Structures are given as structure tokens and as C-alpha cells.
Amino acid sequence: MEFSKMIHAAQRLTAQSLKFRVSLSSLGAENVRSGAAQGTKAYLSWVRGGKTINTSPAPVSPEGTVEWRGELTQIVTIFFQFEDGNLQPAK
């Protein structure tokens, strides 16, 4: 086997990564503390690994619903390897 083919084969065994931007929008919740006092506000927290992002506090309606404007965005990295010509999770 020539050296360049060995390097190519080794690179295929090494985990590689893809980065994705994941955004959540049109956020809302129902049945939020049905007995909440008027003027109560709630926020949504998205925790993933060591990363935490929050919405701004939004008022809870008398019906117990909340809607948050804007969106929450995180960058997600997925590690993969090629195996038999297909993507597989990195080990």
C-alpha cells in the first residue's frame, strides 16, 4: 500500500466534526402556574452541557399561557466517522 493511501485511510478513521446552528423560535407554554398572581413573569431556560441560555421574562396570562418573542440559538457540534461509506457516531 502506498503511503498516500495509508494517510487517506487513517484520516477516514479519525473523528471529524460538523457544526450546526440550532435556533428555537415561536416559544410558548401552557398551564403555567394556573394560580399565579397577576403580574407574574416566567422565563424559559435551555441547558445543554455547560451552556445555558434564557429568554427574557414574559408575563403569564390569566389563562396560564406565556409567549416569548425572539429566539434561542446554540451552536451544536456533531462528531462522526466514516465506516463502510456511511457516517457513524464517533467512538
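These numbers were taken from a predicted model, which means no experiment stands behind them.
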For residues 64-71, which side-chain N or O atoms pair as donor and acceptor with protein atoms under 3.5 Å away, sequence neighbours left out?
{"residue": "T65", "atom": "OG1", "partner": "S61", "partner atom": "OG", "Å": "2.8"}
{"residue": "W68", "atom": "NE1", "partner": "A42", "partner atom": "O", "Å": "3.0"}
{"residue": "W68", "atom": "NE1", "partner": "T55", "partner atom": "OG1", "Å": "3.2"}

Can you list everything that forms a side-chain hydrogen bond (donor to acceptor under 3.5 Å, both in side chains) with S26? Sequence neighbours excluded, please.
none
Do I53 and V47 belong to the same hydrophobic cluster, where Ile, Leu, Val, Met, Phe, Trp and Tyr are linked whenever their side-chain heavy atoms lie under 4.5 Å apart, directly or via other members?
no
Once side-chain hydrogen bond (donor to acceptor under 3.5 Å, both in side chains) is applied, what residue pairs with a partner in residues 41-51 remain, sequence neighbours excluded?
S45-N54
Rounded to the nearest 0.5 Å, how far does CG of L72 lie from OG1 of T52?
11.0 Å
Sequence neighbours excluded, the answer for side-chain hydrogen bond (donor to acceptor under 3.5 Å, both in side chains) partners of S25 is none
For K19, which residues count as a side-chain hydrogen bond (donor to acceptor under 3.5 Å, both in side chains) partner, sequence neighbours excluded?
T77
